Amino acid sequence: PIFNPPMETAHYELGLALRDQDDLPRAREEFQQAIALDPQDKQAHLALANLLRGEGKGEAAATEFGQARQLSQNEINRDLAMGANRAGVLLAVKKEWDTAIEQFRKALELKPDLSEARFNLAGALRETNDVKEAVHEFRKVLEALPDWPQAHYELGKTYERSGALEEARHEYREVLKYKADYGLARLALAEAFLRDGKFEPAKAELATVLETDPNNLEARYALSAVQLQQGQIPEAIEQLQVIVRQKPDFAPGHNLLGVAYAQSGKVDLAVTEFRKATELDPNLVEAHTNLKLALQRRHPAQEPAPPKAGPL
């Protein structure tokens, strides 16, 4: 098979061949074609510069040498920027947010269009509760990459942190516009509806998550909590039974199933679930509280006996 290189490479390689054959006018045209297709082609700029210098065209050669030099510096800056970004990521893993932010800013000074570093900077700023600046940086990322689902998602989470729920929902919808199966975004959209007390649209989003991912316990748990709030107790019990079957060690699931049983009058079953929750997670305070209340309900304190009548 014949090797089929990119057109800019083909023009550059043909230019070299023509130069070696002393066909300088055609070689110059090929180098110029390579540069027109890829202005960042440092080798083509350098080859053209040397050819022009040989032809005595000093000013034009100087321009091409300058372009090649700038591209070399750009490559150096890119490598340094990528290194600073990697350092920032490692610091962020250690939760050393301030020094991580310094590294991300350094990366952007070297290469302002390094969207990965700007994205990381925005996330680090959010972790330091500088929400306003985090929103600003995420928006700058999306100016460069408007169809990046993860950037929309993280901007939505940042808006949520500031309480701007309508803006958060808008960003989650943007995620789903570009990637309909982005389950985390649909779940976040549902939770943003719940925070506003909008139960029906939340349930619709959660149902959609479960249609595509029946094993998504987080969505099923959230749906069961909504059903309980709306008094749909049998439906909630059904969802929670699925959860504890699929993940028997999920203490919050056992606790909420106990709540559902208690609300349906099945106190013995409620006690069993609350006990299971406390065994799985001794630090789950609400399970301990619920267990105490359920036991009191099952064995109410005896009424004090009326005083005996004294002698007349």
Side-chain angles (χ1 to χ4, degrees), residues 38-40 42 70-196 205 208-209 212-213 216 218-219 222:
D38 181 8
Q40 307 300 311
K42 179 182 65 176
Q70 183 59 55
L71 289 170
S72 294
Q73 186 60 52
N74 290 347
E75 289 180 1
I76 293 170
N77 287 348
R78 181 195 61 202
D79 291 342
L80 291 172
M82 293 296 290
N85 181 60
R86 285 193 295 270
V89 169
L90 293 172
L91 289 163
V93 169
K94 296 168 65 177
K95 299 189 184 304
E96 296 179 16
W97 299 114
D98 290 339
T99 47
I101 287 169
E102 289 176 8
Q103 289 297 319
F104 295 138
R105 291 197 189 280
K106 180 179 179 180
L108 291 168
E109 287 174 7
L110 292 162
K111 189 169 173 54
D113 62 347
L114 188 59
S115 294
E116 180 182 350
R118 195 172 300 281
F119 177 87
N120 292 334
L121 171 62
L125 288 166
R126 185 178 65 196
E127 291 302 319
T128 61
N129 292 319
D130 192 347
V131 175
K132 183 178 179 181
E133 189 63 21
V135 166
H136 173 73
E137 294 297 340
F138 276 129
R139 284 198 167 282
K140 290 187 74 172
V141 171
L142 288 167
E143 286 174 9
L145 300 168
D147 58 351
W148 189 5
Q150 191 177 358
H152 283 289
Y153 176 76
E154 294 298 340
L155 177 55
K157 299 302 284 186
T158 307
Y159 275 131
E160 265 202 85
R161 183 169 292 194
S162 70
L165 296 178
E166 188 57 45
E167 290 83 352
R169 287 192 288 266
H170 170 77
E171 294 303 324
Y172 299 143
R173 291 190 184 100
E174 287 294 299
V175 175
L176 297 169
K177 182 172 73 175
Y178 294 112
K179 189 173 174 56
D181 61 347
Y182 202 124
L184 283 175
R186 198 172 294 281
L187 188 58
L189 177 58
E191 290 172 350
F193 278 127
L194 289 177
R195 287 184 61 183
D196 261 351
E205 297 298 338
T208 301
V209 173
T212 56
D213 183 9
N216 192 315
E218 191 174 354

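These figures come from a predicted structure and were not determined experimentally.
N120 CG to L108 CG: the interatomic distance, rounded to the nearest 0.5 Å, is 9.5 Å. Taking CD of E205 as the start and OG1 of T208 as the end, the distance is 5.5 Å to the nearest 0.5 Å. Atom-to-atom distance recorded for L184:CG and R186:CZ is 12.0 Å, nearest 0.5 angstrom. Within the model, atoms CG of L110 and CG of N74 stand 11.0 Å from one another, a figure rounded to the nearest 0.5 Å. Between the CD atom in Q70 and the CG atom in N77 there is a gap of 8.0 Å [rounded to 0.5 Å]. Atom OG in S115 sits 12.0 Å away from atom CG in L121 (nearest 0.5 Å).
Under the 4.5 Å side-chain criterion, counting only non-hydrogen atoms from C-beta, I76 is in contact with Q73. Using a 4.5 Å cut-off on side-chain heavy atoms (C-beta onward), E191 and L187 make contact. With contacts defined as side-chain heavy-atom distances shorter than 4.5 Å, the pair Q103/N85 does not qualify. Side-chain contact check for K111 versus D113: some heavy-atom pair is nearer than 4.5 Å. At least one side-chain heavy atom of M82 sits under 4.5 Å from a side-chain heavy atom of E116.
Taking the six-membered ring wherever Trp is involved, the centroid distance between the rings of H152 and Y178 falls below 6.0 Å.
Nearest heavy-atom pair across E109 and P112 is O-CD, 4.3 Å. For the residue pair V175 and A185, the shortest heavy atom distance occurs at CG1-CB, 3.5 Å. Across all non-hydrogen atoms, the minimal contact from A168 to G156 is CB-O, 3.4 Å. Among all heavy-atom pairs drawn from Y153 and Y172, the shortest one is O-CE2, 3.7 Å. Between A100 and A92, the shortest heavy-atom contact is CB-N, 3.9 Å. What you find for A192 and L165 is that their closest heavy atoms are O-CD1, 4.1 Å.
Ion pairing between D130 and K132 fails under the 4.0 Å rule for side-chain N and carboxylate O. Taking the charged nitrogens against the carboxylate oxygens, R105 and E102 have no contact shorter than 4.0 Å, which rules out a salt bridge. Electrostatic pairing of E75 and K42 counts as a salt bridge here, judged by a charged N lying under 4.0 Å from a carboxylate O. A salt bridge links E166 with R169: the closest approach of a Lys/Arg side-chain nitrogen to an acidic carboxylate oxygen falls below 4.0 angstrom. Using a 4.0 Å cut-off between charged nitrogen and carboxylate oxygen, R126 and E133 do not count as a salt-bridge pair. A salt bridge links K157 with E160: the closest approach of a Lys/Arg side-chain nitrogen to an acidic carboxylate oxygen falls below 4.0 angstrom.
In terms of modelled atom types and a separation under 3.5 Å, the side chain of R139 and the main chain of L155 share no donor-acceptor contact.
Among pairs with a residue in residues 105-129, those fulfilling ring-ring contact (aromatic ring centres under 6.0 Å, His included) read F119-F138, F119-W148, at least two apart in sequence or across chains. Annotation: ring-ring contact (aromatic ring centres under 6.0 Å, His included) contacts involving residues 93-114, sequence neighbours excluded, are absent.
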>> Before you tell me yes or no, could you show the steps for H136 and V131 under side-chain contact (heavy atoms from CB on, under 4.5 Å), namely the whole-Å CA-CA distance, both residues' side-chain angles and the distance that decides it to 0.1 Å?
In response: CA-CA 9 Å; H136 173 73; V131 175; over 6 Å; no
> Passes side-chain contact (heavy atoms from CB on, under 4.5 Å), K179 versus D181? Steps please.
Replying inline: CA-CA 6 Å; K179 189 173 174 56; D181 61 347; 3.1 Å; yes
